[in-house]
Student: 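So that we are looking at the same thing, I have put the structure below in structure tokens.
Letters A, B, ... mirror the listed sequences (proteins, then strands); counts begin at 1.
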Number of protein chains: 2
Amino acid sequence: MVVFEPFRKGVGMVVKRNTWQREAVRSALGTQMGFVSAQGLHAALATSGSHIGLATVYRALADLANEGEADSLQSPEGEALYRACSLAHHHHLICRSCGLTVEIEADEVEEWAHRTATQHGFSRPEHVVDVFGFCSACVPPQ
Amino acid sequence: MVVFEPFRKGVGMVVKRNTWQREAVRSALGTQMGFVSAQGLHAALATSGSHIGLATVYRALADLANEGEADSLQSPEGEALYRACSLAHHHHLICRSCGLTVEIEADEVEEWAHRTATQHGFSRPEHVVDVFGFCSACVPPQ
DNA sequence: CTGATTTTGAAAATCATTATCAATTAGGTA
DNA sequence: TACCTAATTGATAATGATTTTCAAAATCAG
């Protein structure tokens, strides 16, 4: 039970080799319109004829996230989800029905998080800020 | 792979019976200073002499969360964490080292989340807003 | 007290994720 | 080009949290 560890591991370490597998994952992630799980991406790759291994997909996604090429977050059910992203820090507005994801600016929240942490004597704050809802194309259930 | 489900299940359904187990979980949760996992709470209960079953702790915590008596969130590692809470909606500032949790007001963020969702055509927004950092008692590692 | 129904708990089942480890491969080097 | 060596892959086993199963025990209304 390790609970309060930092979100992202330290940066820059060993060199990575270029393999078609890593490229396949990077590319497949790019075609996804929203967040996907490792399992989901592996299934998508399999469907499109790739014989890449599941463990490799997990490793590649973790690497992409470490290198800042992918965003990762936990679904409410605790599954890890990934999405290709720009390098800048940002947050997400995610449709609970179709998974459509909109990157949102949150300067306001960045500032608030930092200010609040400092006020309470906390240092090195990191925050989790994501908004889930139903996009305009998805009728809100009942 | 169910990913985009709502955070909290629907409210008010069948009646729950009163058992010492449920009360034990509610009470034990109240004595915790920060968020705990189901496993952690079960261990704490065992230490204090209770013979309550692990599955029962999971069930009781899920119920408390459904009824609004407990907050639940996912740790960065994907474990579900629980904490007794007041009924009002609020957010948390959590120490990554010792787990100390401070409930914080976030009217500013509530308003921002709602405004942002609406702007993008999203309805029924719910948000995940939690700040992790190191509390003043815990020296920030290097 | 009695019966109907819910709850419990030990153990098995799930399920996502990680670790193992032998075989393969990338990328530099002679 | 051939070779060397460390990094990478992938099938599979292991892990660990959470859920399900189901028979036995407990709750609560009448």
Student: Taking a hydrophobic cluster as the set of Ile, Leu, Val, Met, Phe, Trp and Tyr residues connected by side-chain heavy atoms closer than 4.5 Å, whether directly or through intermediates, do B:Phe122 and A:Val109 fall within one such cluster?
Tutor: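 Cluster IDs for B:Phe122 and A:Val109 match.
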Student: Using a cut-off of strictly less than 4.0 Å, decide whether B:Thr19 has a side-chain nitrogen or oxygen near OP1 or OP2 of D:dA26.
Tutor: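 Result: no.
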Student: By nearest atom, which of the nucleotides C:dA19, C:dG9, C:dT7 is closest to the B:Arg22 side chain?
Tutor: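 Within the option list, the nearest is C:dT7.
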Student: Among B:His91, B:Arg83, B:His92, find the residue that satisfies the side chain to side chain donor-acceptor pair (under 3.5 Å) test when tested with B:Glu103.
Tutor: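 Among B:His91, B:Arg83, B:His92, the one that satisfies the side chain to side chain donor-acceptor pair (under 3.5 Å) with B:Glu103 is B:Arg83.
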Student: Round to a whole Å and report the spacing from OH of A:Tyr82 to C1' of C:dT17.
Tutor: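 A:Tyr82 atom OH is separated from C:dT17 atom C1' by 9 Å.
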Student: Stepwise, does the side chain to side chain contact (heavy atoms under 4.5 Å, CB included) test hold for A:Asp71 with A:Phe35?
Tutor: CA-CA 9 Å; A:Asp71 271 332; A:Phe35 278 87; 4.1 Å; yes
Student: If you look at every strand shown and take non-hydrogen atoms under 4.0 Å, does A:Arg59 touch a base, only sugar-phosphate, or nothing?
Tutor: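 Base contact.
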Student: Would you indicate, yes or no, if D:dA26 has its OP1 or OP2 atom less than 4.0 angstrom from a side-chain nitrogen or oxygen of B:Gln21?
Tutor: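 No, because none of the side-chain N or O atoms of B:Gln21 sits under 4.0 Å from OP1 or OP2 of D:dA26.
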Student: Which one of A:Leu61, A:Leu29, A:Thr31 satisfies the side-chain contact (heavy atoms from CB on, under 4.5 Å) criterion with A:Val36?
Tutor: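 When A:Leu61, A:Leu29, A:Thr31 are each tested with A:Val36, the side-chain contact (heavy atoms from CB on, under 4.5 Å) holds only for A:Leu29.
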Student: Between A:Trp20 and B:Trp20, which has a closest nucleotide on DNA chain D that is more 5'?
Tutor: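 Taking each residue's closest nucleotide, the earlier one in sequence belongs to A:Trp20.
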Student: Would you kindly give the CZ-to-P distance between A:Arg17 and D:dA7, to the nearest whole Å?
Tutor: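 Whole-Å distance recorded here is 7 Å.
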Student: For A:Leu54 and C:dC15, give me the distance from atom CG to atom C1', rounded to whole Å.
Tutor: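 In whole Å, C:dC15 C1' and A:Leu54 CG are 11 Å from each other.
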Student: Measure from CD on B:Glu79 to P on C:dA16 and round the result to the nearest Å.
Tutor: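 So the CD-P distance, B:Glu79 to C:dA16, works out to 17 Å.
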Student: Starting at atom OH of A:Tyr58, determine the distance to atom C1' of D:dT15, rounded to an integer number of angstrom.
Tutor: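 Between C1' of D:dT15 and OH of A:Tyr58: 13 Å.
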Student: Within less than 4.0 Å of OP1 or OP2 of D:dC28, is there a side-chain N or O belonging to B:Asn18?
Tutor: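 The answer is yes; a side-chain N or O of B:Asn18 sits under 4.0 Å from OP1 or OP2.
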Student: To the nearest angstrom, how far is B:Lys16 atom NZ from C:dT5 atom P?
Tutor: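 After rounding, the reported distance stands at 17 Å.
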Student: Measure CG/B:Leu61 against P/D:dT18 and give the value in whole Å, please.
Tutor: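 In whole Å, D:dT18 P and B:Leu61 CG are 10 Å from each other.
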Student: Is it true that a side-chain atom of B:Thr116 and a backbone atom of B:Trp112 form a donor plus acceptor pair closer than 3.5 Å?
Tutor: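 A pair under 3.5 Å: yes.
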Student: Could you state the CD-C1' distance from B:Gln39 to D:dT15, rounded to the nearest angstrom?
Tutor: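 Taking atom C1' of D:dT15 as the reference, CD of B:Gln39 is at 12 Å.
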